[in-house]
Undergrad: 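Dropping a structure here in structure tokens format, bear with me for questions.
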Amino acid sequence: MKPLAERTGYTRRQWHYFWLGLLFASPWIIGFLVFTVYPFFSSLYFSLTAYDLFNPPQWVGLDNYKQIMSDERFYKSINNTLFMAFISVPISLASSLVIALMLNFKVKGINFYRTIFYLPAVIPVVASALLWTWMLNPDFGLINMFLRAVGLPDPAWLMDPRYTKPSLILMGLWGSGAGALIFLAALQGVPQQYYEAAQVDGANGWHRFWRITIPALSPIILFQLIMGLIGAFQIFTESYILAGGKSVSGSIGGPDQSLLFYAVNLYQEAFMNLKMGYASALAWILFIIVMAITLVLLKTSRRWVYYGGE
Amino acid sequence: MTAKLLRTKVFPHTMLILFSIFFLFPFVWLVFTSLKTSNEIFAMPPRILPEAFHWENYVAALETVPFPQYMWNTLVICVICIVGQLFAAPLVAYSISRIPWVGSKIIFAIVLATMILPFQVQLIPQYIIFAKLGWINTILPLTIGAFFGAPFYIFLLRQFLMGVPKELSEAAKIDGASEFRIYRQIILPTLKPALATVALFTFVGSYTDFMGPLIYLNDAAKWTITVGLQGFQQDHGAQWEQLMAASTIMAIPMILLYFFGQKYFMQSGSAFTGFK
């Protein structure tokens, strides 16, 4: 028999590195197979069954998917989630960028400001959601106290279905220092010559922002946009706490189900109603939506994302 | 001259100070509320400063709910997860950035792809696996994953490794050192700051995780601080002063960690910028 190296066209050295590479990567490969690949396909299987954990799964074909299509809660949760994805994500992205631009000012004590701006981002969501529940208290909260003082209307925030999602956005803005930090690092990497050259050509600050800063940041904007959208589809803790947790009736969606997001609905179907098959179908629809949005973004991004050095 | 001063000093500082107020004031409000009596909290018109500091709210919060127990439970999970990530993530990052093998590019692509995979797709089968193994209501489902390396940390460490010159390990290779020895004695030490970042983020991740413990831990004695605090909200929602005291207790470790490990938090920001 010929040596392995000749049969495969690989040299011994290449084989040596192959086994080494595999060995070093093996923790992740095993985890990927056991905790991602296997669950991924079995969740597809479960989505075609009725399964309550205690009795064996029963094949029901596409019933779960059909049922979802006529489920009011599904549409409610999709609407709420799309609101967060397409309203809240762009807002928080813009605010992160504005904060990053501010933190890029060349003034004394800038590190001190950076510390302050990032601080809310390290507070556990459960704690910050509780804090904001109190801040947004219609009668005794700080926000309405301020609004009344300047003569503005004072909404009931978390008790009024029209204002629950804006409440969530407001709370999100408070934590936008994390995104700002990523933008800041990118801003600091923009070559200074570009700005100098533009200045010589007589471009004003606004022009420089749109013609240099934004294109230079576009890969990071795309990255944060994708991560933000995926995050929006998984909003759970904020909603759970702001809606006051599990109520006596077992519902967790807040007033008029205005905080019933996709992941919240999925959690409720799976772990409160024990409809594992139905929830798996929900998870697969989520997967398809997220994939579709990501692909569309990646495709269309070719038109507006600029990679340096090309 | 004055126009320039306005543009380079006055305007930036004004903006920064205004925003600082927005970022800082909720903390001030949190602490002040936690020190008020319930009468003061519901006083009309509301007041900002407490009349006297009622530290007994903290004592009451700690007595109503076993927060030290929750803290301990959380800490155990955090430490195990850190150990797991520090074992697995650098190994995998080393494989995809330092070992010239055919799989390295494929593995890296899949690692990135899993970052955009919504975890809900795996959640239910994972729960079923853990249920069949009898692991529900134990910390195993919350910690085991760490020993396989999280995509985000693998990515982070890979970014750092790309910046470590190849010559550093070439010399040792010529001297006949094994790949594993190079990894342990040359690469790991240079990775220290990055590993500290991974440890810190793992800690923050486990400490703040809510959905995991909510799903896997039923027994109140095993709860982590997040689920404990939420339980406290459910049972004592009307006692805002205690609720705010409990929230403060929960936030303090994170704030301390942030002040001592600031430079590591900042590193995470720059790791992304090489992302192309």
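Numbers restart at 1 for each chain; the letters A, B, ... are given by sequence-line order, proteins then strands. Computed from heavy atoms alone, side chains included, the values below leave out hydrogens, waters and symmetry copies.
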Undergrad: Which atom names give the shortest non-hydrogen contact between B/V31 and B/S34, and what distance separates them?
TA: O-OG, 2.7 Å
Undergrad: Specify which of A/Y45, A/F117, A/F32 makes the most heavy-atom pairs with chain B at under 4.5 Å.
TA: A/F117
Undergrad: When rounded to the nearest 0.5 angstrom, what is the spacing between OH in A/Y262 and OG1 in A/T81?
TA: 8.5 Å
Undergrad: Among A/L266, A/I116, A/I29, which has the most heavy-atom pairs under 4.5 Å with chain B?
TA: A/I116
Undergrad: Considering only heavy atoms and a distance below 4.5 Å, find which of B/P26, B/G145, B/A89, B/G103 pairs most often with chain A.
TA: B/P26
Undergrad: Is B/I154 close to chain A through its backbone or its side chain, or both, or neither, when contacts mean heavy atoms under 4.5 Å?
TA: side chain
Undergrad: If you count heavy-atom pairs within less than 4.5 Å of chain A, which of B/G149, B/S247, B/P118 leads?
TA: B/P118
Undergrad: Grab the two heavy atoms, one from B/F87 and one from A/P27, that are nearest each other, plus how far apart they are.
TA: CE2-CG, 4.3 Å
Undergrad: How many angstroms lie between atom CG of B/L18 and atom NE2 of B/H13, to the nearest 0.5 angstrom?
TA: 13.0 Å
Undergrad: Between B/F19 and chain A, with a heavy-atom cut-off of 4.5 Å, which part of the residue counts as in contact: side chain, backbone, both or neither?
TA: both
Undergrad: Hey, does the side chain of A/Q234 reach the backbone of A/G231 with a donor-acceptor pair shorter than 3.5 angstrom?
TA: no
Undergrad: Check the pair A/S43, A/W284 against side-chain hydrogen bond (donor to acceptor under 3.5 Å, both in side chains), reporting the backbone distance first and the verdict last.
TA: CA-CA 8 Å; A/S43 118; A/W284 264 81; 2.6 Å; yes
Undergrad: Can you name the closest pair of heavy atoms from A/V107 and B/P12 and give their distance?
TA: CG1-CB, 3.8 Å
Undergrad: Side chain, backbone, both or neither: which part of A/V37 has a non-hydrogen atom closer than 4.5 Å to chain B?
TA: neither
Undergrad: According to the interplanar angle, ranging from 0 to 90°, do the rings of A/W134 and B/W29 count as parallel (below 30°), tilted (30 to 60°) or perpendicular (above 60°)?
TA: parallel
Undergrad: Compare all side-chain heavy atoms of A/F24 with those of B/V92 and state whether any distance is below 4.5 angstrom.
TA: no
Undergrad: Report which part of A/A270 has an atom under 4.5 Å of a heavy atom belonging to chain B: side chain, backbone, both, or neither.
TA: side chain
Undergrad: State the CD1-CE distance between A/I143 and A/M145, to the nearest 0.5 angstrom.
TA: 10.5 Å
Undergrad: Non-hydrogen atoms of chain B under 4.5 Å away: do they reach the side chain of A/Y51, the backbone, both or neither?
TA: side chain
Undergrad: Got a salt bridge between B/K36 and B/E241, using NZ or NE/NH1/NH2 to carboxylate O under 4.0 Å?
TA: no
Undergrad: Examine distances only and state if a side-chain atom of B/S97 and a backbone atom of B/R158 form a donor-acceptor pair shorter than 3.5 Å.
TA: no
Undergrad: Please identify, among A/W174, A/F18, A/Y38, A/F287, the residue contributing the most non-hydrogen atom pairs under 4.5 Å to chain B.
TA: A/W174
Undergrad: Would you mind checking which part of B/S20 comes under 4.5 Å of any heavy atom in chain A, side chain (CB onward), backbone (N, CA, C, O), both or neither?
TA: both
Undergrad: Is B/V227 close to chain A through its backbone or its side chain, or both, or neither, when contacts mean heavy atoms under 4.5 Å?
TA: neither
Undergrad: How many angstroms lie between atom OG1 of B/T224 and atom CG of B/L214, to the nearest 0.5 angstrom?
TA: 9.0 Å
Undergrad: Under 4.5 Å from any heavy atom of chain A, what part of B/I107 do you find: side chain, backbone, both or neither?
TA: both
Undergrad: So which part of B/I17 gets closer than 4.5 Å to some heavy atom of chain A, the side chain, the backbone, both or neither?
TA: both
Undergrad: Please classify the contact of B/F180 with chain A as side chain, backbone, both or neither, using a heavy-atom distance under 4.5 Å.
TA: both
Undergrad: To check you understand the geometry: which heavy-atom pair defines the closest contact between A/I252 and A/M272, and what is its length?
TA: CD1-SD, 4.0 Å
Undergrad: Atom CG in B/L157, atom CZ in B/F152: separation rounded to 0.5 Å?
TA: 9.5 Å
Undergrad: Chain B heavy atoms under 4.5 Å from A/T36: which part of the residue, side chain, backbone, both or neither?
TA: both
Undergrad: Under 4.5 Å, counting heavy-atom pairs only, tell me which of B/F25, B/Y207, B/F11, B/F27 racks up the most with chain A.
TA: B/F27
Undergrad: Answer with side chain, backbone, both or neither: which region of A/F236 has an atom nearer than 4.5 Å to a non-hydrogen atom of chain B?
TA: side chain
Undergrad: Considering only heavy atoms and a distance below 4.5 Å, find which of A/G189, A/G31, A/G175 pairs most often with chain B.
TA: A/G31
Undergrad: Look at A/L142, A/V290, A/V126 and state which one has the largest set of heavy-atom pairs under 4.5 Å with chain B.
TA: A/L142
Undergrad: Which bit of A/L229 is near chain B, if near means a heavy-atom gap under 4.5 Å: side chain, backbone, both or neither?
TA: neither
Undergrad: Which atoms of A/F46 come close to chain B, meaning under 4.5 Å heavy atom to heavy atom: side chain ones, backbone ones, both, or neither?
TA: side chain
Undergrad: Please determine, among B/K9, B/M250, B/M211, the option with the most heavy-atom pairs under 4.5 Å with chain A.
TA: B/M211
Undergrad: Pick from A/T237, A/L173, A/T133, A/L119: which one has the most heavy-atom pairs with chain B under 4.5 Å?
TA: A/L119
Undergrad: For B/F130, is it the side chain, the backbone, both or neither that has a heavy atom under 4.5 Å from a heavy atom of chain A?
TA: side chain
Undergrad: Is it the side chain or the backbone of A/L282 that comes within 4.5 Å of chain B heavy atoms, both, or neither?
TA: neither
Undergrad: Verify whether one side chain among B/S95 and B/W101 offers a donor that lies under 3.5 Å from an acceptor in the other.
TA: yes
Undergrad: Got a second to check how far A/Q188's CD is from A/L184's CG, nearest 0.5 Å?
TA: 4.0 Å
Undergrad: Please state whether the side chain, the backbone, both or neither of B/T248 comes within less than 4.5 Å of a heavy atom of chain A.
TA: neither
Undergrad: B/Q120 versus chain A, heavy atoms under 4.5 Å apart: side chain, backbone, both or neither?
TA: both
Undergrad: Name the region of A/I110, side chain, backbone, both or neither, that has any atom closer than 4.5 Å to a heavy atom of chain B.
TA: side chain
Undergrad: Taking side chain as everything from C-beta outward and backbone as N, CA, C, O, which of these in B/M15 sits under 4.5 Å from a heavy atom of chain A? Side chain, backbone, both or neither.
TA: both
Undergrad: If you tally heavy-atom pairs under 4.5 Å against chain A, which of B/I128, B/T114, B/I225, B/T226 wins?
TA: B/I128
Undergrad: Which atoms of A/L53 come close to chain B, meaning under 4.5 Å heavy atom to heavy atom: side chain ones, backbone ones, both, or neither?
TA: side chain
Undergrad: Which atoms of B/I129 are under 4.5 Å from chain A, going by heavy atoms: the side chain, the backbone, both sets, or neither?
TA: side chain
Undergrad: What heavy-atom pair brings B/L49 and B/E40 nearest, and what distance separates the two atoms?
TA: O-OE2, 4.1 Å
Undergrad: Which region of B/Y258, side chain (C-beta onward) or backbone (N, CA, C, O), has a non-hydrogen atom less than 4.5 Å from a non-hydrogen atom of chain A, or is it both or neither?
TA: side chain
Undergrad: With distance as the sole criterion, is a donor-acceptor pair present between the side chains of B/Y94 and B/E179 under 3.5 Å?
TA: yes
Undergrad: Where on B/A43 is there a heavy atom nearer than 4.5 Å to chain A: the side chain, the backbone, both, or neither?
TA: backbone
Undergrad: Can you tell which of B/L243, B/V204, B/I116 has the highest number of heavy-atom pairs within less than 4.5 Å of chain A?
TA: B/I116
Undergrad: What heavy-atom pair brings A/P219 and A/A216 nearest, and what distance separates the two atoms?
TA: CD-O, 3.6 Å
